[in-house]
Amino acid sequence: MGLTGLAIFKLLPKTNCKECGVPTCLAFAMALASGKTTLDKCPYVSDEAKESLESATAPPIKLVKAGVGDNVLELGDEQVMFRHDKTFYHPTGIFIEVADNADVAAKVDEINGLVFERVGQKYEVDGVAVVNASGNADTFKDAVAAAAAKTNKVLLLVSEDAAAMEAAAAGVADRKPILYAANGDNYEKMVEVAKKLAAPLVVKGKNLDDLADLAGKVGYKELILDSGERETSKVLADLTQIRRQAIKKRFRPFGYPTIAFTTEEDPYMEALQAQVYVSKYASIVVLKTTELASLITLFSFRSNLYTDPQKPIAVQPGVYAVGEVTPDSPVYITTNFSLTFYTVQTEVESTRIPSYLIAFETEGLSVLTAWAGGKFIGEEIGPWLKDSEINEKVNHKNLIIPGGVAAIKGKIEELSGWEVTVGPREANGIGSFAKLKLGGA
Amino acid sequence: MPVQILKEKFTGTVQEVVLGATKEEGGTRAYTVKLGGSSTLPFLQYEGSIPNRPVIAFEVWDVKPDWNPCFEPYYGDVWNDPAAWAKKAEELGADVIYLKLKGADPELENSKTPEDCAKVVKAILENTGAPLMVEGPGHPEKDNEVLQAVGEAAAGENIALGAAEKDNYRSIAAAAMMGKHCVIARSPVDINILKQLNIMITEMGIAPDKIICDPMSSGLGYGIEYSYSIMERSRWGALIGDKMMALPVVCLAGSEAWRAKEANAPLEEAGPGWGEQKPRGIMWFIWLLTG
């Protein structure tokens with residue numbers, strides 16, 4: 001945030017009226033500085049103070065919303081340069097292009113069909129970019145209408161012809177589409193069209209200077225930025241500059257979400273180009289490819305990158321079957337910290353012995369941390385195991401535990417009536433363990 | 001409106017490490033490669049120098065690998081002969097050969113002896129001109145024996161030996177020091193151990209320009225974000241002047257990526273909407289390289 005608590009305090013009424021819910025004005029100022037509260041909670045702040053405070057306490061990157069209903073896409077409002085500094089909040093929107101002179105309906109059907117499922121998550125394309133490739137306003141209008149009729153995804157209208165944009169946008173006014181793009185020549189008209197729809201508008205510069213100039217003068221705040229650069233490493237450099245200026249300098253013209261377009265023709269190279277932009281720092285990336293391998297990796301990477309590093313990621317606790325299990329299948333147990341769980345799951349899978357794997361509820365802690373914290377110990381696992389659904393699934397009572405916590409063996413046996421085998425210390429030892437102890441491949 | 005480009009004022013530079021030695025330098029490599037040397041984050045050419053491109057090492061095993069069958073058309077003719085395999089990797093464009101001495105794993109039948117391993121390394125050095133990195137079977141005691149023999153066999157070649165880990169670094173580092181080789185310092189996706197291990201290895205008398213870090217790469221969907229952030233944090237540490245984080249990084253992308261179900265599952269066992277195995281495997285792999 002731009003101001004310190006003390007600097008904000010100087011602008012407050014200093015009456016300690018408590019109506020904001022905080023005991024003193026100083027405490028309120030501190031809460032404001034750390035972004036924990038908002039200025040509208042103070043009923044007595046002067047208009048003058050309000051104005052200077054609002055600009056100073058506004059988020060460094062504006063939150064911009066596109067789309068309607070269940071398909072609202074939130075963009076921007078990021079606070080840090082690196083995910084390890086805090087977290088990233090709004091995952092990059094992934095859009096796919098449709099040319100207005102192609103078979104729009106068929107292409108949009110194809111995009112609608114791009115639904116992937118992995119590790120319990122469902123990935124879908126966020127939006128459809130209708131490009132005025134024909135250069136014809138009527139064709140563009142019809143294509144936008146055809147796309148809108150086929151999908152509820154967010155629409156991105158791509159035409160720098162303001163008249164064509166006006167006509168096409170009018171047909172989808174209730175969808176809050178993103179309009180692309182206002183440039184130095186057309187921005188007055190484009191802003192007018194965007195204002196009418198209250199829709200987000202992309203400003204496209206010739207370079208960073210031109211972009212700052214445009215964003216500063218358009219007189220509209222629902223903006224998305226494009227520096228106009230298309231060469232991968234230069235786009236990365238521009239996106240980094242935009243993010244840095246916004247966060248570190250609070251340079252207002254760059255305090256908006258961003259958009260990047262791929263240029264590579266090969267679908268795999270294109271996905272890699274998109275990956276660079278997902279990493280650093282595009283709010284939207286627009287692709288042409290519908291190649292499955294390109295997209296599933298892009299979606300997976302985005303979902304990994306946007307996980308909150310402050311929270312351990314957990315899988316749903318419970319009993320998981322790995323392979324075609326039978327009542328004779330061995331039973332492993334580990335914690336529900338997702339990294340641990342998936343690592344163990346992969347190793348168990350590669351033993352090619354169908355097995356059960358229990359993800360024990362440790363609130364997302366790893367094995368040793370959970371053990372040290374009293375969450376992965378015999379006193380917890382034993383009673384749970386005794387009544388667990390696993391008793392109905394297998395005809396034996398033999399549990400394999402991680403080698404790092406061999407000490408909990410006795411207590412589990414005592415409290416569950418199961419027999420415990422101590423497995424390897426590390427997941428990568430499961431292969432040889434299974435071979436030796438379970439007679440696997 | 002002219003935008004004042006905002007540059008980070010970094011004070012540190014990533015340590016430059018040379019791998020390999022030519023005839024003039026006491027080895028037999030056709031060329032050497034330089035690693036590290038950057039004074040900014042990747043690709044931000046406007047604020048620092050990035051003198052050395054990342055080099056691509058090809059993984060070669062001393063025994064036939066248990067890899068996905070989709071590799072067979074490419075390596076099936078050579079993967080019973082590590083020297084021929086290394087040669088083929090070189091022809092396919094490898095900057096560096098990364099030899100994994102899996103055959104020395106004491107849990108395998110007919111596990112290779114340190115002498116066998118030294119022979120394999122000699123054969124590869126004779127058959128190729130690329131700098132070499134050698135990793136033991138991943139069994140602490142056997143690694144120590146094997147890498148000592150390899151270090152001696154490759155004396156003067158300035159290869160990299162690995163992997164030295166927190167609980168097992170002394171013998172491997174000593175073997176590297178004896179043969180004037182580089183050492184691969186491996187830490188388990190943990191920035192504190194990464195730094196601690198580098199300190200411990202340098203305290204043994206190994207110069208920082210002989211250490212390559214392996215912070216361990218987690219695969220896409222299997223914790224890539226942890227590796228990503230560890231690398232960003234350690235690189236940032238390097239650039240603001242922490243010399244014990246300022247060592248070049250190696251990522252063993254192949255073995256990580258191809259462990260993932262997403263890379264391997266044939267079409268009929270794949271998740272909904274995943275598509276064919278081969279492009280999926282390739283993409284899963286490439287992602288780890290670039291991510």
Side-chain angles (χ1 to χ4, degrees), chain A residues 82-84 113-119 122-123 207-214 216-217 232-233 236-237 240-241 244-245 248-249 251 253-254 268 271-272 275-276 279-280 291-294 296-298 300-301 303-307 309 338-339 342-343 345-347 349-350 428 432 435-436, chain B residues 1-8 41-47 66 105-108 138-139 188-189 191 218-230 232-233 236 259-265 270-291:
Chain A
F82 300 102
R83 62 185 291 281
H84 62 252
L114 295 168
V115 179
F116 307 92
E117 283 173 44
R118 80 171 272 285
V119 297
K122 196 166 162 188
Y123 306 147
N207 49 48
L208 285 181
D209 292 348
D210 188 41
L211 179 66
D213 189 40
L214 263 176
K217 76 180 177 193
T232 314
S233 70
L236 167 73
T240 304
Q241 268 308 310
R244 260 190 206 167
Q245 302 269 356
K248 298 193 148 183
K249 289 263 168 171
F251 181 63
F254 285 172
Y268 303 118
L272 294 174
Q275 182 211 15
V276 172
S279 308
K280 308 269 172 206
E291 168 69 32
L292 299 177
S294 295
I296 189 174
T297 39
L298 188 63
S300 305
F301 184 69
S303 117
N304 284 177
L305 200 66
Y306 278 85
T307 54
S338 67
L339 189 55
Y342 288 122
T343 311
Q345 188 192 38
T346 311
E347 293 293 341
E349 199 166 276
S350 60
N428 63 18
S432 1
K435 203 166 176 180
L436 241 64
Chain B
M1 189 188 294
V3 175
Q4 185 73 40
I5 294 293
L6 187 55
K7 295 184 187 174
E8 295 290 346
L41 297 168
F43 306 112
L44 301 185
Q45 281 99 343
Y46 61 80
E47 70 181 5
D66 53 356
D105 186 340
E107 280 161 22
L108 292 179
H139 180 279
V189 201
I191 192 160
S218 320
L220 175 59
Y222 294 84
I224 199 172
E225 69 276 22
Y226 291 85
S227 298
Y228 183 90
S229 287
I230 295 279
E232 276 195 337
R233 285 172 65 195
W236 189 266
R259 267 154 52 132
K261 176 170 148 195
E262 288 82 351
N264 287 301
W274 287 13
E276 294 288 340
Q277 179 267 330
K278 190 171 159 185
R280 185 156 25 86
I282 292 172
M283 288 306 282
W284 217 265
F285 169 58
I286 293 176
W287 223 266
L288 188 46
L289 293 181
T290 52

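Naming: A, B, ... by sequence-line order, numbering from 1 per chain.
- In this structure, chain B has heavy atoms under 4.5 Å from both the backbone and the side chain of S432(A).
- The pair R83(A)-E232(B) does not meet the salt-bridge criterion, since no charged nitrogen lies less than 4.0 angstrom from a carboxylate oxygen.
- When heavy atoms are compared at a cutoff of 4.5 Å, P42(B) approaches chain A solely by way of its backbone atoms N, CA, C and O.
- The part of P253(A) that comes within reach of chain B is its side chain, from C-beta onward, which places non-hydrogen atoms under 4.5 angstrom from that chain.
- Neither the backbone nor the side chain of Y306(A) comes within contact range of chain B, judged by heavy atoms closer than 4.5 Å.
- Each of I5(B), V189(B), D66(B) has some count of heavy-atom pairs under 4.5 Å with chain A, and the biggest count is that of I5(B).
- Annotation for I191(B) and I230(B): closest pair N-CD1, 3.6 Å, computed over non-hydrogen atoms.
- Listed by chain and residue number, nothing satisfies the salt bridge (Lys or Arg N to Asp or Glu O under 4.0 Å) test with K7(B) (two or more places apart in sequence, or in another chain).
- The side-chain heavy atoms of F301(A) and S279(A), taken from C-beta on, include a pair separated by under 4.5 Å.
- One finds the CD atom of Q241(A) at 9.5 Å from the CD atom of Q4(B) (value rounded to the nearest 0.5 Å).
- With a 4.5 Å cut-off on non-hydrogen atoms, K217(A) does not touch chain B at all.
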